[in-house]
Amino acid sequence: MDRQVFSLLIVAIGVYAKVQKATDAVRDTFLIDPAVFLIVVGVVMFFITFCGCIGALRENIRLLKIFSFSLTLVFLTQMVIAILGFFYSDQTRDALGKFVKKAIVHYRDDLDLQNLMDYIQKEFKCCGWNNYTDWSWNLYFNCTPSNPSTERCAVPFSCCTPLPGETVINTMCGFGVQTQNHLDTTKSIYPVGCADRAVIWIESHLLLVGALTLGLALPQIVGIVLSLILISEIQKEIGSIM
């Protein structure tokens, strides 16, 4: 029942995002509309949990088989995506790079996208995808001499290294940084790109990544096994009666 409520909540969030927040900038940044993705995930989750819940309560073999098959299909799909992502790591990195590039380009066009990029850069202590000069992809931060923007050659404040005892964020700390060499930028910002930082983070948190993977896979495996056991028990009862 809790899973059904959770799936309905995901659908509601997706509908809200579709109606209120699905701007052209956000849609252009992602491969698919995030709102549509949330709606589809919510509907699929509700369908699977509904079949499992009603099938178990009513001892309906058909619904339990649908539940087991659907859960197996979802599990195998996740496995295929994970395996492809591992073996085609270069293509995965390129795809993520395209996403980050679009996010940088549309940084000033959508507040939610801006908050996402700021969060990534602050958490991973990085700037841009390859390095801090990637922010020239953005219209406002572009470092060409013809750019009239007051933020020309700058980077967002989320790239900046916090000063000891700093209580108020200096939003102008990244101004003019793109004109500096790599060594000088280390005094004020994180010059390393988020691509390298992400790889370093994964390598240093392999145990956490493995635990999260197991945490996602284990409930699905348990659900598949239990549904098959229940189907077998129901079939045995039907066979004994007949």
Side-chain angles (χ1 to χ4, degrees), residues 13-39 85 89-163 166-202:
I13 294 172
V15 171
Y16 170 79
K18 182 68 177 175
V19 174
Q20 298 290 336
K21 307 298 290 181
T23 63
D24 291 336
V26 174
R27 281 196 295 268
D28 289 343
T29 304
F30 294 90
L31 295 175
I32 60 173
D33 192 335
V36 174
F37 177 76
L38 285 175
I39 293 170
S89 56
D90 291 339
Q91 288 84 344
T92 304
R93 179 171 175 146
D94 290 341
L96 288 173
K98 289 178 182 178
F99 161 73
V100 174
K101 181 176 181 178
K102 288 182 179 180
I104 290 174
V105 170
H106 296 295
Y107 180 77
R108 290 295 191 204
D109 300 333
D110 185 89
L111 183 59
D112 291 333
L113 202 58
Q114 181 175 319
N115 290 335
L116 175 63
M117 280 302 302
D118 287 338
Y119 176 80
I120 291 172
Q121 293 190 143
K122 284 190 287 187
E123 286 298 312
F124 286 99
K125 297 181 179 180
C126 57
C127 191
W129 179 244
N130 299 304
N131 55 56
Y132 61 97
T133 59
D134 289 345
W135 281 99
S136 267
W137 294 333
N138 184 274
L139 180 66
Y140 299 92
F141 299 121
N142 186 275
C143 209
T144 55
S146 59
N147 184 13
S149 172
T150 55
E151 295 180 304
R152 186 177 76 86
C153 296
V155 295
F157 72 92
S158 54
C159 288
C160 298
T161 54
L163 298 173
E166 186 181 47
T167 55
V168 180
I169 298 173
N170 178 15
T171 56
M172 299 178 67
C173 57
F175 275 47
V177 165
Q178 291 188 54
T179 59
Q180 301 175 11
N181 60 48
H182 187 276
L183 185 61
D184 291 337
T185 58
T186 56
K187 300 174 184 177
S188 56
I189 67 166
Y190 303 112
V192 180
C194 293
D196 294 332
R197 282 292 186 187
V199 172
I200 294 170
W201 186 91
I202 291 172

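No hydrogens, no waters, no symmetry mates; every other heavy atom, side chains included, goes into these values. This chain uses plain numbering: 1 for the first residue, then up along the sequence. All values derive from a computational prediction rather than experimental measurement.
The CG atom of Asn138 lies 14.0 Å from the CZ atom of Arg152; values are rounded to the nearest 0.5 Å. In this structure, CZ on Phe157 lies 5.0 Å from NZ on Lys122, to the nearest 0.5 angstrom. Annotation: the span from Thr133 atom OG1 to Gln180 atom CD amounts to 13.0 Å, rounded to 0.5 Å. Going from atom CD of Glu151 over to atom OG1 of Thr171 covers 8.5 Å, rounded to the nearest 0.5 Å. Rounding to the nearest 0.5 angstrom, the gap separating the CZ atom in Arg197 from the CD1 atom in Ile120 is 14.5 Å. The distance from the SG atom of Cys153 to the CZ atom of Phe175 is 11.0 Å, given to the nearest 0.5 Å.
Closest approach of Ser188 to Val177, counting heavy atoms only: OG-CG2, 4.1 Å. Closest approach of Ser158 to Asp118, counting heavy atoms only: OG-OD1, 2.7 Å. Counting all heavy atoms, side chain and backbone alike, Gln178 lies closest to Tyr132 at CA-CE1, 4.0 Å.
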Could you check Cys194 against Cys126 for disulfide bond (SG atoms under 2.5 Å apart), going step by step and ending with a plain yes or no? CA-CA 5 Å; Cys194 293; Cys126 57; 2.0 Å; yes
Apply side-chain contact (heavy atoms from CB on, under 4.5 Å) to residues Lys125 and Val192 and explain how you reach the verdict. CA-CA 8 Å; Lys125 297 181 179 180; Val192 180; over 6 Å; no
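Of the possible polar contacts, one joining the Asp134 side chain to the Trp129 backbone as a donor-acceptor pair under 3.5 Å is found. With hydrogens and angles disregarded, a donor-acceptor distance shorter than 3.5 Å links the side chain of Asn142 to the backbone of Ser136.
Using a 30° and 60° split on the angle between ring planes, Phe124 and Trp201 fall in the perpendicular class, above 60°. Using bins of under 30°, 30° to 60° and over 60° for the plane-to-plane angle, the ring pair Trp135/Tyr107 lands in the perpendicular bin.
A 4.5 Å side-chain heavy-atom check between Tyr190 and Gln121 finds every atom pair outside the cut-off. At least one side-chain heavy atom of Cys143 sits under 4.5 Å from a side-chain heavy atom of Thr179.
A donor and an acceptor atom, one from each side chain of Asn147 and Ser149, are nowhere located under 3.5 Å apart.
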